[in-house]
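Here is the structure we will look at.
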Number of protein chains: 2
Amino acid sequence: MWRLHHFALCPFSRKLRLLMSEKGVPYTLEPENPWALREEFYLINPAGRTPAMRHEDKDLVLADSRAIAEYLEETVEKNPMINGPAANRAEIRRLVALFDENFWGDVTAPLLTERYAKRVVLRQTPDSRALRDAMRLADQHLDYCDYLIDHRRWLAGATMSLADLTAAAQISVVDYLGGIDWRGHESTRGWYSVLKSRPSFQPLLSDRVDGALPPRHYADVNA
Amino acid sequence: MWRLHHFALCPFSRKLRLLMSEKGVPYTLEPENPWALREEFYLINPAGRTPAMRHEDKDLVLADSRAIAEYLEETVEKNPMINGPAANRAEIRRLVALFDENFWGDVTAPLLTERYAKRVVLRQTPDSRALRDAMRLADQHLDYCDYLIDHRRWLAGATMSLADLTAAAQISVVDYLGGIDWRGHESTRGWYSVLKSRPSFQPLLSDRVDGALPPRHYADVNA
């Protein structure tokens, strides 16, 4: 069985939890604290980032969420998530990168710092300007999601893909931290609500971390 | 023919130039200034980053260096660069992420800011502490390269792969900016010197940008 080294509010770990659940791959969780990583964790992932995962029967250690997603895509046939002709697959991967890099850097990372790490780990005062900037950028990213969903059934095309799981994982962390203002984003809200209703999403909605509780709508699949 | 939107010192663009040359894919270059992107560029890549590329005959626009690399791997048979069984492919992609994210964030991005953007674009004084930190981290990354090359023929295993092209692209930008102290890194220096001698590397070694000239050893394939 796979053992996933993760942090409950790490969006890259959440992407893999969604993916493994959608593909029916069983796994157990090993929590890691991203602000105080164990020395042993660096042996698993020299990049010093969650997620990483180990399969003891196969003597295999994998690291990096995109590398692991591609591995699962190549080795598990059920529910392909990087699907279609090469140009579609490129579009899926472009959107994965957009959310893993731009949305993460603009929105998720500053929210995690200001609303979680500074409160729980670093004991510092949040920077209200950084928070305001992140929430303004969140709004722009959701505008782009609205645009995509108004033109396609799912973010990258006609079928659900790794792009949807990646975007929903990032958004779920920001939503947990109260950083999403859903007003004016009905298209994205409808798409996210469909994802939230899937069995793969339930473990993420019931996750709680010490020192930060989510707003009431976070776990409400009808919200 | 492909038209690659790039910046001469963008390591992600350089990775694709190496890859396309190794795979024998013809292309032309369209220079973009990352500090003053044209509005039209955002229509090509909403993420606002080089590289992106267009194929007019195929009415196709691709963005993100990893998505494009995977597309080329899937559509061009010559010289596979994400090769081998799934576990090897995961190891190649892990190292691509390590260089594209950690090496970039620790070393290449600060060097580009301090030694290029502040001098040429922003007209600010470089932050000597940020430079010192970046060069110290470069040394640690090269230690890890030495370790890999002492145990394997190429970074990710027995054959040259996208991991080597990615790492060499990042290192080449830092070396251009005088940020690599090669002393004590004989293994990596030997590996890099082999890559530098390949025909695919020659256009990168003759690139020059206004306002910053490389040290003499930069273009010397025997250095």
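The structure presented is a predicted model; accordingly, all values stated were derived computationally and were not measured. To find a chain, count down the sequence lines: A is the first, B the second, and so on, and within it residues start at 1. We use all heavy atoms of the structure for the numbers below, so side chains are in, but hydrogens, waters and symmetry mates are not.
Contacts between residues 130-157 of chain A and chain B, counted as heavy-atom pairs separated by less than 4.5 Å, involve A:Tyr144. When the heavy atoms of residues 49-85 of chain B are compared with those of chain A, the residues falling under 4.5 Å are B:Arg49, B:Leu60, B:Leu62, B:Ala63, B:Asp64, B:Arg66, B:Ala67, B:Glu70, B:Tyr71, B:Glu74, B:Thr75, listed by number.
Contact check for B:Leu165 versus B:Val96: no side-chain heavy atoms found under the 4.5 Å cut-off. The closest side-chain heavy-atom distance from A:Thr28 to A:Trp2 is not below 4.5 Å. Side-chain contact check for B:Arg93 versus B:Leu162: every heavy-atom pair is 4.5 Å or farther apart.
Judged by distance alone, with hydrogens and angles left aside, the side-chain atoms of A:Thr113 form a donor-acceptor pair with the main-chain N or O of A:Ala109 at under 3.5 Å.
For A:Arg119, the salt bridge (Lys or Arg N to Asp or Glu O under 4.0 Å) criterion is met by no residue, not counting sequence neighbours. By the salt bridge (Lys or Arg N to Asp or Glu O under 4.0 Å) test, A:Arg183 is found to be paired with A:Asp181, residues two or more places apart in sequence or in another chain being considered.
With a 4.5 Å cut-off on non-hydrogen atoms, A:Arg94 touches chain B through its backbone and its side chain both.
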*Step by step, work out the side chain to side chain contact (heavy atoms under 4.5 Å, CB included) result for A:Asn33 and A:Leu37.*
CA-CA 6 Å; A:Asn33 175 356; A:Leu37 285 171; 6.0 Å; no
*How far apart are the C-alpha atoms of B:Tyr42 and B:Ile44, what are their side-chain angles, what is the distance that settles it, and do they pass the side chain to side chain contact (heavy atoms under 4.5 Å, CB included) test?*
CA-CA 5 Å; B:Tyr42 283 89; B:Ile44 296 170; over 6 Å; no
*Derivation and outcome, side chain to side chain donor-acceptor pair (under 3.5 Å), residues A:Glu30 and A:His5*: CA-CA 5 Å; A:Glu30 172 86 31; A:His5 295 255; 5.1 Å; no
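Taking the six-membered ring for Trp, B:Tyr116 and B:Phe7 have ring centres closer than 6.0 Å.
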